[in-house]
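Here's the structure, in structure tokens; my notes come after.
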There are 2 protein chains.
Amino acid sequence: MNIGEASQQSSLPPKTIRYYEDIALVKPARAENGYRDYSTEDVHRLRFLQRARSLGFTIVECRLLLSLYEDDHRASADVKAIAEDKITEIDRKIDHLQSLRLTLVALAQNCEGDDKPECPIIDDLAGVRDQ
Amino acid sequence: MNIGEASQQSSLPPKTIRYYEDIALVKPARAENGYRDYSTEDVHRLRFLQRARSLGFTIVECRLLLSLYEDDHRASADVKAIAEDKITEIDRKIDHLQSLRLTLVALAQNCEGDDKPECPIIDDLAGVRDQ
DNA sequence: TTAGAGGTTCCCCCTGCTGGAAGGTCAAGA
DNA sequence: TCTTGACCTTCCAGCAGGGGGAACCTCTAA
């Protein structure tokens with residue numbers, strides 16, 4: 001099938017699919033006319049990539065997951081380790097965002113939010129210690 | 001002062017400081033020898049940028065905050081609005097990450113994590129509906 | 001005089017695509 | 001038969017926010 005249908009079946013934009021070929025994540029055949037020709041196998045890989053990316057895995061991780069996906073002798077422990085690493089990473093990101101949030105909320109609460117220039121948010125950014 | 005000292009006083013790498021000049025966030029003077037020459041004003045701006053970036057503001061937002069910082073007739077409401085938008089954005093990011101986390105934890109919990117190939121994580125990525 | 005620690009510009013690299021230009025191909029309708 | 005328009009191709013450039021490194025200049029101290 002052409003890239004348009006592969007796109008619909010994988011929920012990935014054609015541009016992204018071409019990019020994935022560029023970085024050797026999928027290797028579709030070529031038709032006589034030079035068009036890419038996707039097999040159902042190829043579409044499975046694309047759908048796999050779409051789902052993995054949407055779960056937050058990087059391209060490097062997707063490459064690894066894809067190789068495990070296609071390895072009949074894989075150990076599920078290897079897959080689980082990747083997932084747990086990702087969970088740890090997500091936890092760190094959440095912690096970081098929550099800490100940013102706390103700071104911003106504290107600053108915003110102290111700001112009158114009126115038409116006067118006095119502003120503890122600006123003061124904080126400027127490094128003013130007092131107030 | 002030279003870029004090295006400006007770097008120390010602002011906690012920003014020299015590369016970043018040069019980049020900020022490139023995108024016109026700071027405009028240091030030049031000494032006779034061609035070296036950048038930072039005033040204390042410039043260093044204040046750099047410190048402001050360092051703090052704002054560390055709180056998660058984008059370069060575009062920093063540019064806006066910087067102009068408010070230097071506007072004696074600013075309305076604190078404008079600053080507060082930017083901060084509140086950022087909080088909303090952080091909330092969305094946290095929500096997204098927590099939803100990813102939930103999915104990944106559920107998948108990881110169902111995975112034996114042994115040396116056998118059966119793996120619900122891979123099955124999910126592959127779009128296998130039935131477990 | 002010479003070493004080494006600074007400074008300068010320039011260009012490429014990263015992630016993960018996205019947009020656009022310039023052109024080839026195919027199926028359907030007038 | 002011609003044309004239109006949808007689809008396909010390749011290539012090039014760009015986003016954020018810098019980082020790495022080359023090739024070169026300048027200053028200071030021994």
Side-chain angles (χ1 to χ4, degrees), chain A residues 1-39 42-43 45-66 86 89-90 93 96-97 100, chain B residues 1-39 42-43 45-66 86 89-90 93 96-97 100:
Chain A
M1 78 190 72
N2 286 347
I3 200 170
E5 199 182 335
S7 166
Q8 289 195 335
Q9 293 197 18
S10 64
S11 309
L12 286 171
K15 279 275 190 184
T16 301
I17 298 180
R18 291 194 195 97
Y19 172 67
Y20 287 172
E21 180 178 353
D22 233 49
I23 59 174
L25 279 177
V26 269
K27 292 116 178 162
R30 291 288 176 143
E32 294 279 309
N33 58 11
Y35 286 18
R36 289 170 178 81
D37 186 13
Y38 294 87
S39 65
D42 292 328
V43 172
R45 294 176 65 99
L46 290 174
R47 293 177 60 88
F48 185 97
L49 287 166
Q50 192 279 329
R51 176 76 175 142
R53 289 288 298 127
S54 79
L55 282 179
F57 292 105
T58 66
I59 294 287
V60 169
E61 289 159 348
C62 285
R63 207 182 290 277
L64 197 49
L65 287 168
L66 210 43
K86 183 54 64 177
E89 190 187 322
I90 289 174
K93 284 187 184 173
H96 183 228
L97 288 173
L100 293 185
Chain B
M1 77 191 73
N2 285 347
I3 200 171
E5 199 183 334
S7 166
Q8 290 195 335
Q9 293 197 19
S10 64
S11 308
L12 286 172
K15 278 274 192 186
T16 300
I17 297 180
R18 291 193 194 99
Y19 173 66
Y20 287 172
E21 180 178 354
D22 233 49
I23 60 175
L25 279 177
V26 269
K27 294 116 178 163
R30 291 288 175 145
E32 293 281 308
N33 57 12
Y35 286 17
R36 290 169 178 82
D37 186 13
Y38 293 88
S39 65
D42 292 329
V43 172
R45 295 177 66 99
L46 290 174
R47 293 178 61 88
F48 185 96
L49 287 166
Q50 191 280 330
R51 175 76 175 144
R53 289 286 300 127
S54 80
L55 281 180
F57 292 105
T58 66
I59 295 286
V60 169
E61 288 158 349
C62 286
R63 207 181 290 276
L64 197 49
L65 287 168
L66 210 43
K86 182 56 62 178
E89 189 189 322
I90 289 175
K93 284 188 184 171
H96 183 227
L97 288 173
L100 294 185

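Any value given below was found using the heavy atoms of this structure, including those in side chains, with hydrogens, waters and symmetry copies removed. All chains are named by letter (A, B, ...) in the order of the sequence lines, taking the proteins before the strands, and each is independently numbered beginning at 1.
- The backbone N or O of A/L25 lies less than 3.5 Å from a partner atom in the side chain of A/R45, making a donor-acceptor pair.
- Applying the 4.0 Å criterion to OP1 and OP2 of D/dG19, one finds that B/T16 has a side-chain N or O inside that range.
- In terms of phosphate contacts, A/R36 brings a side-chain nitrogen or oxygen within less than 4.0 Å of OP1 or OP2 of D/dT10.
- Between A/K27 and A/E21 there is no salt bridge, since none of the side-chain N atoms of the basic residue sits less than 4.0 Å from a carboxylate O of the acidic one.
- Computed from coordinates, the B/E89 CD to D/dA16 C1' distance equals 13 Å when rounded to whole Å.
- Regarding contacts with the backbone of D/dT9, every side-chain N or O of A/N33 stays at 4.0 angstrom or more from both OP1 and OP2.
- One atom, CG of A/L25, and another, P of C/dC17, lie 10 Å apart when rounded to the nearest Å.
- Nucleotides of DNA chain C nearest to A/E32 and A/Y19 differ in position, and the one nearer the 5' end is that of A/Y19.
- Residue contacts shown for A/P14 are absent, as no nucleic acid heavy atom lies under 4.0 Å away.
- If you check distances only, the side chain of B/Y35 does reach the base of C/dG6 with a donor-acceptor pair under 3.5 Å.
- Here B/I23 lies out of heavy-atom contact (under 4.0 Å) with every strand.
- Per the geometry, CD1 belonging to A/I17 stands 14 Å off P belonging to D/dT10, to the nearest Å.
- Between the CD atom of A/E21 and the C1' atom of D/dC11 there is a distance of 14 Å, rounded to whole Å.
- Between A/R30 atom CZ and C/dG24 atom P there is a gap of 17 Å when expressed in whole angstrom units.
- Here C/dC26 presents its P atom at 18 Å from CE of A/M1, a figure rounded to the nearest Å.
- The main-chain N or O of A/Y35 is found under 3.5 Å from a side-chain atom of A/N33 such that the two form a donor-acceptor pair.
- The backbone N or O of A/S39 sits less than 3.5 Å from a side-chain atom of A/D42, completing a donor-acceptor pair.
- Taking every side-chain heavy atom of A/K15 into account, C/dG19 is the closest of D/dT9, C/dG16, C/dG19.
- Taking atom CG of B/L49 as the reference point, atom P of D/dG17 lies 12 Å away to the nearest angstrom.
- For A/R18, the side-chain atoms get nearest to D/dT9 when compared with the rest of C/dT8, C/dC10, D/dT9.
- The distance from atom CG of B/L12 to atom P of D/dG18 is 8 Å, rounded to the nearest whole Å.
- B/E89 has a carboxylate O that lies under 4.0 Å from a charged side-chain N of B/K86, or vice versa, which qualifies the two as a salt bridge.
- In this structure, B/V60 and A/N2 both approach DNA chain D, and ranking their closest nucleotides by distance from the 5' end singles out A/N2.
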